[in-house]
Number of protein chains: 2
Amino acid sequence: MRNDEGGVQPVQSVDRAVGILEFLARRGDAGVTEIGVELGVHKSTASRLLATLEARGLVEQSGARGAYRLGAGLIRLAGAGAAQLDVAQAAREVSAELAAELGETVNMAVLDEDAAMNVSQARGSAAVAVQNWVGRRTPLHASSSGKVLLAFAPDAVRRRVLARPLARCTPATITDRRVLDRELAEVRARGWAATQGELEVGLNGVAAPVVTAGGELVGAISVSGPAYRLDAARFAAVAERVVAAAGSAGAVLG
Amino acid sequence: MRNDEGGVQPVQSVDRAVGILEFLARRGDAGVTEIGVELGVHKSTASRLLATLEARGLVEQSGARGAYRLGAGLIRLAGAGAAQLDVAQAAREVSAELAAELGETVNMAVLDEDAAMNVSQARGSAAVAVQNWVGRRTPLHASSSGKVLLAFAPDAVRRRVLARPLARCTPATITDRRVLDRELAEVRARGWAATQGELEVGLNGVAAPVVTAGGELVGAISVSGPAYRLDAARFAAVAERVVAAAGSAGAVLG
DNA sequence: TCCTAGTGTTGCGTGATGCGCAACGACGAG
DNA sequence: CTCGTCGTTGCGCATCACGCAACACTAGGA
């Protein structure tokens, strides 16, 4: 059976095991039989794959025979993974400086299929939110880094995202794709994007693309904060700083 | 070939694939041949396992034939995993409150083999450090949450850790196991642990165990900050708040 | 309290998959 | 320019992963 990804035949049991992890990431927790149905394999196969993942700490089971969920071993791996990502490393210092300068939360995001995923985070002194954004995915049409990634993505990616209904996150979310297309054209023209309460009510953001010397888009740096501090009048000035920080990160990456 | 973990025979290729991820977490990056040697398999086997992991985003390769490293897909999974952990969820609210109250960074850690691993983090207004501790592991003898986890761990765990040389992280690190044993007895007696520059110079911490109603140790909550703010004179007062927060988290877990 | 249905686990036999070998192309160092 | 090493891939084969069947356990309903 061919999982047509990357043109080569994957190792079937590894592919299934990762499928289990992705299912549990979406679903929260699930039983053996349910996981077997989801993967299209026998429940005894699912049970053995889960036992292997559990032995390595990537999943854990509640009780002796209960549901499975993602485990702490995954966090250990990802902690190492996040620290090692090129874009995360490149962003670390410039994000810290930007956070200190502007006093708001700064994130580095990469394009992850049809979403923006945060891979690094720095927080300024004014930020009181305790939420960890690393690993979190935001919709491409409703977040500032998402708009940047969408604006500068290959045409195929933009067409795929714009082909689907644009989910409304708040009353301010752009859900008309022609409106979004025009906004993305503006983003490309001026080199930065902004949101005003489109992802969360009262949350504004400004983002700029991180591009390597070879012209490859590798991520986006964004600053976000409450609208009463990061209001539209400040967007141009903040954008100037974000674009500069993104430029520094891009230079580091070659 | 039997990987004697949990008594059952693991699925060999899944076990190997996870072994690759763990090796890359330790090593940073590595080539196909090196990974094959590390796992004790042929390089073509390693190449196929890596291709499957890469197709799913868990690893990425630099250039067409370059070294492999952990990928963004792992961070996505772990972002979901961290959010879903019982201990992380239980700690979220109490950590946020504690961070707001004390103004310092609060972490929740679990015992992860021979280290303390942070699974959740909240930062107070005074904290300016931008480092993300989630996924990071600290030595059990040199961090406050590590001392708590060690003090209240089963005897077998404590014996295993104390059997090894205790690595010196700073000049203040306790490396004499009899001194550490006495300190762990004090931790058990008073119900909290503290460190003074033992993990990092100038960094102090206070931690308390999170125990379920059934008496099971599931983690430790810690507060950390620079020595000039979180000095020894404040330890008892801070400990009182941390013990209370840990008690709340334990109550949530049943 | 008892019965039934469904779940998760495990022994076993089978065939499909994962594996190693060999060969090849690419790349870097001398 | 040559050589050694790396990563990739086709191929054949043996081992491993798989499904089936059976069992123990648990929860819910009568």
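Just so it is clear, the model here is predicted, and its values are computed rather than measured. Heavy-atom basis, side chains included; hydrogens, waters and symmetry copies ignored. Within every chain, numbering begins at 1; the chains are lettered A, B, ... in the order of the sequence lines, protein sequences first and strands thereafter.
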Would you mind telling me which of [options] lies closest to the side-chain atoms of [X]?
{"X": "Tyr68(B)", "options": "dT9(C), dT8(D), dC16(D)", "answer": "dT8(D)"}
{"X": "His42(A)", "options": "dC20(D), dG8(C), dT8(D)", "answer": "dC20(D)"}
{"X": "Val11(A)", "options": "dG8(C), dC21(C), dG18(C)", "answer": "dG18(C)"}
{"X": "Thr33(A)", "options": "dT8(D), dG7(D), dT7(C)", "answer": "dT7(C)"}

What's the [atom1]-[atom2] distance between [X] and [N], to the nearest Å?
{"X": "Leu49(A)", "N": "dT10(C)", "atom1": "CG", "atom2": "P", "answer": "15 Å"}
{"X": "Asp15(A)", "N": "dG18(C)", "atom1": "CG", "atom2": "C1'", "answer": "14 Å"}
{"X": "Gln9(A)", "N": "dT9(D)", "atom1": "CD", "atom2": "P", "answer": "13 Å"}
{"X": "Arg16(A)", "N": "dG18(C)", "atom1": "CZ", "atom2": "C1'", "answer": "13 Å"}
{"X": "Asp29(B)", "N": "dG7(D)", "atom1": "CG", "atom2": "C1'", "answer": "15 Å"}
{"X": "Leu50(B)", "N": "dT8(D)", "atom1": "CG", "atom2": "P", "answer": "8 Å"}
{"X": "Ile20(B)", "N": "dG7(D)", "atom1": "CD1", "atom2": "P", "answer": "12 Å"}

Any salt bridge linking [X] with [Y]? Criterion: basic side-chain nitrogen under 4.0 Å from a carboxylate oxygen.
{"X": "Lys43(A)", "Y": "Glu34(A)", "value": "no"}
{"X": "Asp114(B)", "Y": "Arg160(B)", "value": "no"}
{"X": "Arg69(A)", "Y": "Glu54(A)", "value": "no"}

So, the side chain of Arg16(A) versus the backbone of Leu39(A): is there a donor-acceptor pair under 3.5 Å, distance only?
no
How do Glu34(A) and Arg48(B) order along DNA chain C: which one's closest nucleotide is nearer the 5' end?
Glu34(A)
Hey, does [X] reach any base, or is it just sugar-phosphate, or nothing, if we go heavy atoms under 4.0 Å?
{"X": "Gln61(B)", "answer": "sugar-phosphate"}
{"X": "Ser44(B)", "answer": "base"}
{"X": "Ser13(B)", "answer": "sugar-phosphate"}

Rounded to the nearest 0.5 Å, what separates atom CG in Leu53(A) from atom CD in Glu60(A)?
12.5 Å
Residue closer to the 5' end of DNA chain D, Lys43(A) versus Gly40(A) (nearest nucleotide):
Gly40(A)
